[in-house]
Asker: 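Right, I'll just put the structure down here and ask away after.
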There are 4 protein chains.
Amino acid sequence: MQSRTPPLRAGRPRSAAADTAILAATRAALVELGWSKLTLGDVATRAGVAKTTLYRRWAGKNELVVDAVAELFDELRLPDLGSLAADIEGVVLQFAAILARPEAKSGLMAVVAESTRDDALRERIRGSIVERQKRLVLEGRTRAQERGELPPETDPAEAARTADLIFDIVAGAVVHRTLVSAEPADEEWVRSFTGVLLLGLGSASQVPPAAP
Amino acid sequence: MQSRTPPLRAGRPRSAAADTAILAATRAALVELGWSKLTLGDVATRAGVAKTTLYRRWAGKNELVVDAVAELFDELRLPDLGSLAADIEGVVLQFAAILARPEAKSGLMAVVAESTRDDALRERIRGSIVERQKRLVLEGRTRAQERGELPPETDPAEAARTADLIFDIVAGAVVHRTLVSAEPADEEWVRSFTGVLLLGLGSASQVPPAAP
Amino acid sequence: MQSRTPPLRAGRPRSAAADTAILAATRAALVELGWSKLTLGDVATRAGVAKTTLYRRWAGKNELVVDAVAELFDELRLPDLGSLAADIEGVVLQFAAILARPEAKSGLMAVVAESTRDDALRERIRGSIVERQKRLVLEGRTRAQERGELPPETDPAEAARTADLIFDIVAGAVVHRTLVSAEPADEEWVRSFTGVLLLGLGSASQVPPAAP
Amino acid sequence: MQSRTPPLRAGRPRSAAADTAILAATRAALVELGWSKLTLGDVATRAGVAKTTLYRRWAGKNELVVDAVAELFDELRLPDLGSLAADIEGVVLQFAAILARPEAKSGLMAVVAESTRDDALRERIRGSIVERQKRLVLEGRTRAQERGELPPETDPAEAARTADLIFDIVAGAVVHRTLVSAEPADEEWVRSFTGVLLLGLGSASQVPPAAP
DNA sequence: TTCTAAGCGAGACGGTACGTCGAGTCTTCAC
DNA sequence: GTGAAGACTCGACGTACCGTCTCGCTTAGAA
């Protein structure tokens with residue numbers, strides 16, 4: 001639990017509004033310019049903030065973009081649509097919709113690319129984005145178990161491994177479809193994909209074939 | 001095979017060795033520095049070549065790295081291990097091995113990130129890397145059909161859609177596992193993943209559980 | 001004379017110690033860093049004072065340094081060595097000694113340079129340094145007249161002009177010798193210089209040749 | 001004597017026009033902005049040159065300004081006006097005229113101030129400005145000796161010391177008059193000063209009193 | 001004594017310039 | 001006409017100080 005009275009350090013406190021403005025400006029710049037042409041000077045200008053203020057709070061472009069993009073994924077909600085298949089389809093569609101936004105596309109892949117050489121950055125991504133959204137897999141499983149669509153797990157370690165696998169498959173497939181294949185992850189695709197996934201996981205709850 | 005009598009333009013012909021040296025130097029620089037710290041001046045120096053020479057042949061950093069990375073994936077071969085499951089496991093392991101190399105990791109993701117805002121670049125990636133390796137999916141399916149593990153397809157359009165879906169799932173999952181989750185795509189993981197995939201595709205050929 | 005009852009404004013009075021500490025810190029910083037690398041933040045830190053305090057009392061670096069350097073010249077005293085020549089030599093040597101100190105050297109010239117574009121600053125320099133020390137020329141002349149070494153002046157305007165000329169020659173020569181020629185204004189040089197000066201001024205009182 | 005065939009190094013040669021443009025731009029910026037507000041970025045822009053080009057040729061603001069100001073003093077010529085006194089008056093007036101120009105004023109004093117903490121800079125000033133103009137003193141003396149106004153010197157070391165002393169007195173007085181006292185070194189002042197100087201040097205050639 | 005206005009430290013703020021670096025182009029000479 | 005060399009323009013980098021501001025906390029005379 002946090003201290004109810006924050007450190008109360010001396011000096012002028014940091015402007016809370018600045019953080020919000022900077023992250024919003026970062027996303028706006030990502031949309032207009034993309035990752036590689038985004039400059040911190042420009043972000044600062046858009047946010048109506050001095051470059052120093054920006055550097056005081058983030059170590060660099062990578063860290064800033066991780067935080068700016070992470071907020072996008074916080075909108076994800078696991079819908080309750082009555083069946084595991086429908087719930088998964090719903091959340092995958094949401095995920096695809098976010099990934100279709102230009103600020104997510106170019107920002108996310110770029111920081112992942114950078115993270116291959118920067119362990120601290122990778123941890124930041126994991127903490128701020130990946131682990132934070134893994135909740136959706138866990139919620140989905142719990143709910144399916146309550147409905148009787150999935151058996152209760154017996155081995156917790158195995159259960160964790162499976163959750164990770166599912167996350168890699170879902171996130172990986174949607175990202176690859178969207179960014180590399182450059183095709184929309186639309187309803188039809190999501191239904192096909194979810195079908196394969198659920199069948200592969202041995203769920204009794206099959207997805208009905210799409211009506212033609 | 002190239003024309004035996006090349007265009008025979010006037011003046012000194014281009015050094016063939018230069019291309020090889022430049023691509024090798026690019027990969028070496030990717031290993032040491034990663035995408036973002038790789039500079040074309042440095043690549044030129046490593047290759048023992050002037051910057052002018054480099055720019056005469058590639059339009060910029062993106063194009064150069066696509067070509068340098070594309071060569072890595074040409075090593076992929078579909079092994080003939082007797083069953084569809086084993087063949088898939090084999091090729092996924094090869095893919096994972098390539099992705100584990102630092103020059104592939106940071107180079108590939110970075111150009112994918114750039115391609116979100118550069119259609120020409122995305123087409124270059126698709127042509128040089130993605131479509132070129134999609135052959136593996138097709139070969140695998142054909143072989144499985146010959147073995148009777150999969151039924152012959154009836155609808156060619158549907159077959160193409162399925163091939164794309166498989167490719168997105170496989171490539172996406174391995175990439176996500178390797179780069180985002182930052183866990184090794186080792187034999188155990190590949191066996192779990194392949195099991196889900198094949199079961200999901202409705203193949204009769206199940207993967208036996210891993211020996212303990 | 002100062003008002004015995006200062007303005008007596010409400011609120012906490014300014015710390016008298018701060019002024020002293022700030023000026024001393026300024027001189028120390030001049031010694032260590034020189035004019036151009038001296039920063040007001042650093043001066044404040046050295047003085048154990050907040051930047052705000054410093055800016056409340058001085059408008060900027062120029063004004064602060066003028067005051068810090070001006071104090072150095074207040075040590076100058078016209079010695080009574082029995083003859084005009086000896087008196088002048090004495091005071092010129094004192095002046096040279098002050099100018100040899102690093103805090104005077106780099107501080108003084110820098111503010112003079114700045115004053116070429118800032119009339120208020122030039123007046124501050126004149127008031128705090130130049131006019132304040134011109135007293136030495138006047139004292140010297142009066143004493144020499146009392147001794148009969150110089151005739152009493154007849155035309156006051158002419159006398160003022162001559163005093164100014166002498167001041168320009170003396171201060172200018174010592175400064176140029178010290179800073180530009182970068183040679184010490186030592187006893188030998190001072191004796192030569194004083195000789196030329198007195199002869200030039202038509203004084204009967206010649207400087208005896210230096211004893212070997 | 002320089003090599004008639006310069007090193008002929010590989011690569012594109014440096015633009016000769018750039019040097020000229022940069023020095024002229026520096027003087028223009030000194031006039032408009034003064035030393036302390038002059039920025040190298042601004043000089044580069046005025047000269048129509050990139051900042052990097054400027055830094056490739058000069059180490060910093062100090063070095064650049066020394067060179068820009070040094071050129072101003074190359075205009076100085078010892079006039080032949082028939083007598084030592086007139087010649088000196090002539091050259092001192094020229095010197096005063098140059099010093100009255102704003103690019104000389106603020107530039108010169110500032111670099112002198114900086115040179116108090118930078119030996120390389122001081123040597124650059126001495127070499128480019130001081131020693132280069134000391135020629136005027138030597139020429140003047142030679143010419144006066146030819147006219148019989150001054151005796152031929154017997155001791156060369158003593159002659160050199162005297163030349164230095166004269167230079168310190170002349171340059172120092174004019175600089176102090178112009179910059180510190182901030183009074184014009186006009187004809188009247190120059191005549192008074194030259195009178196003192198020549199009388200002090202024991203020259204038979206007196207300056208006639210100024211006509212009223 | 002309490003009130004209150006100013007001084008004080010700390011440090012965040014919007015700016016401006018720094019000096020460096022890399023991109024991509026151009027100009028020279030040698031092959 | 002290709003190639004190595006290196007100077008060129010351009011634009012962003014991340015840092016350092018500037019001079020201002022906003023905090024919470026003294027401090028001391030006035031009420």
Side-chain angles (χ1 to χ4, degrees), chain A residues 8-18 36-45 47-61, chain B residues 9-15 18 36-45 47-61, chain C residues 8-15 17-18 36-45 47-61, chain D residues 8-18 36-45 47-61:
Chain A
L8 254 188
R9 287 153 39 246
R12 178 175 174 175
R14 290 196 175 170
S15 158
S36 62
K37 303 204 170 159
L38 178 154
T39 70
L40 295 199
D42 179 59
V43 169
T45 306
V49 139
K51 237 188 336 167
T52 34
T53 299
L54 207 156
Y55 278 104
R56 207 175 283 122
R57 301 170 188 217
W58 285 276
K61 197 165 153 174
Chain B
R9 287 167 309 175
R12 175 174 172 177
R14 286 196 176 169
S15 158
S36 62
K37 303 206 168 159
L38 177 152
T39 71
L40 295 201
D42 180 58
V43 168
T45 305
V49 139
K51 258 200 304 178
T52 342
T53 302
L54 207 156
Y55 277 104
R56 216 174 269 128
R57 300 169 191 217
W58 283 276
K61 197 165 153 174
Chain C
L8 258 188
R9 289 165 310 173
R12 177 174 172 178
R14 290 192 176 169
S15 157
S36 62
K37 304 206 167 159
L38 177 153
T39 71
L40 294 202
D42 180 60
V43 168
T45 305
V49 139
K51 255 199 308 176
T52 354
T53 302
L54 206 155
Y55 277 104
R56 210 173 279 125
R57 300 169 190 219
W58 284 276
K61 196 164 154 174
Chain D
L8 256 188
R9 286 155 37 246
R12 178 174 173 175
R14 290 194 175 170
S15 158
S36 62
K37 303 205 168 158
L38 178 153
T39 72
L40 295 201
D42 180 60
V43 169
T45 304
V49 139
K51 242 193 324 174
T52 33
T53 298
L54 208 156
Y55 278 104
R56 207 174 284 121
R57 301 169 188 220
W58 285 276
K61 197 164 153 174

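Values below: all heavy atoms of this structure, side chains included; hydrogens, waters and symmetry mates excluded. In the text below, chain A, chain B and the rest are named by the order of the sequence lines, each starting its count at 1.
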Asker: Considering heavy-atom distances to DNA chain E, does D:Lys37 or A:Arg57 have its closest nucleotide positioned more toward the 5' end?
Answerer: A:Arg57
Asker: Who are the side chain to side chain donor-acceptor pair (under 3.5 Å) partners of B:Thr45, not counting sequence neighbours?
Answerer: none
Asker: Under the salt bridge (charged side-chain N to carboxylate O under 4.0 Å, His left out) test, which residues partner C:Arg56, sequence neighbours left out?
Answerer: none
Asker: Rounded to whole angstrom units, what separation is found between the CZ atom of D:Arg56 and the P atom of E:dG19?
Answerer: 16 Å
Asker: Go nucleotide by nucleotide along DNA chain F from the 5' end; which of D:Val49 and B:Thr53 gets its closest nucleotide reached first?
Answerer: B:Thr53
Asker: With sequence neighbours excluded, tell me which residues meet side-chain contact (heavy atoms from CB on, under 4.5 Å) with C:Ala47.
Answerer: C:Ala21, C:Ile22, C:Ala25, C:Val49
Asker: Starting at the 5' end of nucleotides 18-23 of chain F, put B wherever the base has a protein heavy atom under 4.0 Å, S where only the sugar-phosphate does, and a dash everywhere else.
Answerer: SBBBB-
Asker: Does B:Ala59 have any side-chain contact (heavy atoms from CB on, under 4.5 Å) partners at least two apart in sequence or in another chain, and if so, which?
Answerer: B:Glu63
Asker: How would you list, by chain and number, every residue that makes a salt bridge (charged side-chain N to carboxylate O under 4.0 Å, His left out) with A:Arg57, sequence neighbours excluded?
Answerer: A:Asp19
